[in-house]
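Read through the structure below, which is laid out as structure tokens, and then see the notes.
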Number of protein chains: 2
Amino acid sequence: MSGRSLDHTIHAFEFIEELDRLASPQAIIDAMERSFAQYGFENFIMPGLPHPEQQIESLVLLKKWPLGWYERYTRNSYDRHDPVIRLCRRTVQPFEWGEAHSDPETIPKGREIMHGAADFGMRQGYCLPIHGLNGFEACLSMSGPDLDLTPQTKPAIHLMSMYAFERARLVLAPSARPNPLTAREREALRWAALGKSAADTGEILGVTERTITAHIGSACAKLSAANKTHAVARALQHRLIEI
Amino acid sequence: MSGRSLDHTIHAFEFIEELDRLASPQAIIDAMERSFAQYGFENFIMPGLPHPEQQIESLVLLKKWPLGWYERYTRNSYDRHDPVIRLCRRTVQPFEWGEAHSDPETIPKGREIMHGAADFGMRQGYCLPIHGLNGFEACLSMSGPDLDLTPQTKPAIHLMSMYAFERARLVLAPSARPNPLTAREREALRWAALGKSAADTGEILGVTERTITAHIGSACAKLSAANKTHAVARALQHRLIEI
DNA sequence: TTGAATATTGTAGGAAATTACAGGTGCGTC
DNA sequence: GACGCACCTGTAATTTCCTACAATATTCAA
């Protein structure tokens, strides 16, 4: 292994050790700025991927990002059409921004966005999609004017990014919110997701059809769902039930 | 950074470079056996996590695993109650087998399984859950008689395991199966998942309610679903639709 | 102990879904 | 051109769902 490769492997693991001692978002950003500089990165953002009803601003965990671009991005809801965000939902592997182009649904809106980023000096970037539990999906997107992205450096960046994300999540959201559904509501939704009618599920669980209807109804209320199908979709999306 | 730490950082990245040259599952297993030996691992298995209707045997991507234990495990469908498998579905971070105990639903069945593994010399282990797309969830579980698991070695093992999994997936399943649903079927299911009735969706898409019913019906047939709710659940599970 | 949440069940009417029977158009391939 | 496929639409009968109005029992926390 070359000396250059050796350098970044050492830095990657040192960075991970350092993360455990960082207690604030700003400290994490600062550490990332120092440690990712060797690969040419200058800007970082760590947004949650918004559901259709959410605003992306409310989900940004960390950022060191050109302010003008961030404002334009959020003002125009670019996240709805950003090829990078779209690719994040379809892949689990990190990718370069340039690999996110071939999405027919985002052209030409996607081009506009990528060109806008370039106007703020961000022509190249690297993005790590993060597919977690509880319906929580996020990514870590990074940019810089002259990146060192090779088959040797990418795994190091990948590893550093994953641990940076986990640390940020721990620092920012130390307590997971509990499952709002009761055991019976989960059972009723689970059987519904498997195609059972209320009468079927009642027979399975040894209660009346009316009881299952009641459980489904209260689950709909808690999930703000319009009907059973909607409730099952939301429960699956937020990993409140397992099928 | 200590010399010992340095060793494993080098090995981790060398292993990742080596993976790209491996073309068969056996070659990957052999390479893992060599490279994971430094941490004390001797046995590996890489199963997909079965859905309720699936058998775990059909999902094993790679294995070097005690044969007697594997046979007993599959014969008794231990995967239904294995605390390690259950924790895999609830977390994205790698964990030691010992951390998977506190699942009230698996005791005492879970104890029986863990003791069974111990009978085959597998008292300690480490497991990396893999949450991918297309409904594909898997894990990489590793064991050995005397493991070197520290805050320094765990990230290296994590990284090596992730890339080994990706390589195995690439070698074993080079072609992704196409989405069986038509564009209209996906749209109909997507709006259904968002709580819309057939009449609502018809209005949104500018067709009659009857047309939406037909799309939902054909989607149900393709997905072997009993009804709309079931079809939405399966489509979400297999990432055929995005909401 | 008192109230809130959960679990259970009932009736009844209207809304929505499912299925079976039928039929039309357009598009691309063999 | 024939064929398959996607897409679109209709009627009608049946099933299932959804909701409003009730009611009883249990559990658990304030």
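Chain naming here is simple, since letters A, B, ... match the order of the sequence lines and numbering starts at 1 in each. What's counted below: heavy atoms across the whole structure, side chains too, no hydrogens, waters or symmetry copies. Just so you know, these numbers come straight off a predicted model, no measurement behind them.
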Lys/Arg-Asp/Glu bridge criterion (N-O < 4.0 Å) met for A:Lys222, A:Glu185: yes

Distance, rounded to the nearest Å, where [X] contributes [atom1] and [N] contributes [atom2]:
X	N	atom1	atom2	result
B:Glu209	D:dC8	CD	C1'	14 Å
A:Ile216	D:dA20	CD1	C1'	18 Å
B:Glu185	D:dC8	CD	P	11 Å
B:Leu223	C:dT18	CG	P	13 Å
A:Leu205	C:dT9	CG	P	10 Å
B:Lys228	C:dA16	NZ	P	10 Å

Between [N] and [X], is there an OP1 or OP2 to side-chain N/O distance shorter than 4.0 Å?
X	N	result
B:Thr211	D:dT9	yes
A:Lys222	C:dT6	yes
A:Thr182	C:dA7	yes
A:Arg184	C:dT8	yes

[X] side-chain proximity, nearest of [options]:
X	options	answer
A:Ala214	C:dT8, D:dC7, C:dT18	C:dT8
B:Arg210	C:dA20, D:dC18, C:dT8	C:dA20
A:Thr213	D:dT19, D:dC7, C:dT18	D:dT19

Parallel, tilted or perpendicular: ring planes of A:Trp69 versus A:Phe120, cut at 30 and 60 degrees: tilted

Point-to-point distance, once rounded to the nearest 0.5 Å, from CD of B:Glu166 to CD1 of B:Ile16: 11.5 Å

B:Asp200 side chain to B:Ser197 backbone, donor-acceptor under 3.5 Å: yes

Along DNA chain D (nearest heavy atom to each residue), the more 5'-positioned of B:Asn227 and B:Ile212: B:Ile212

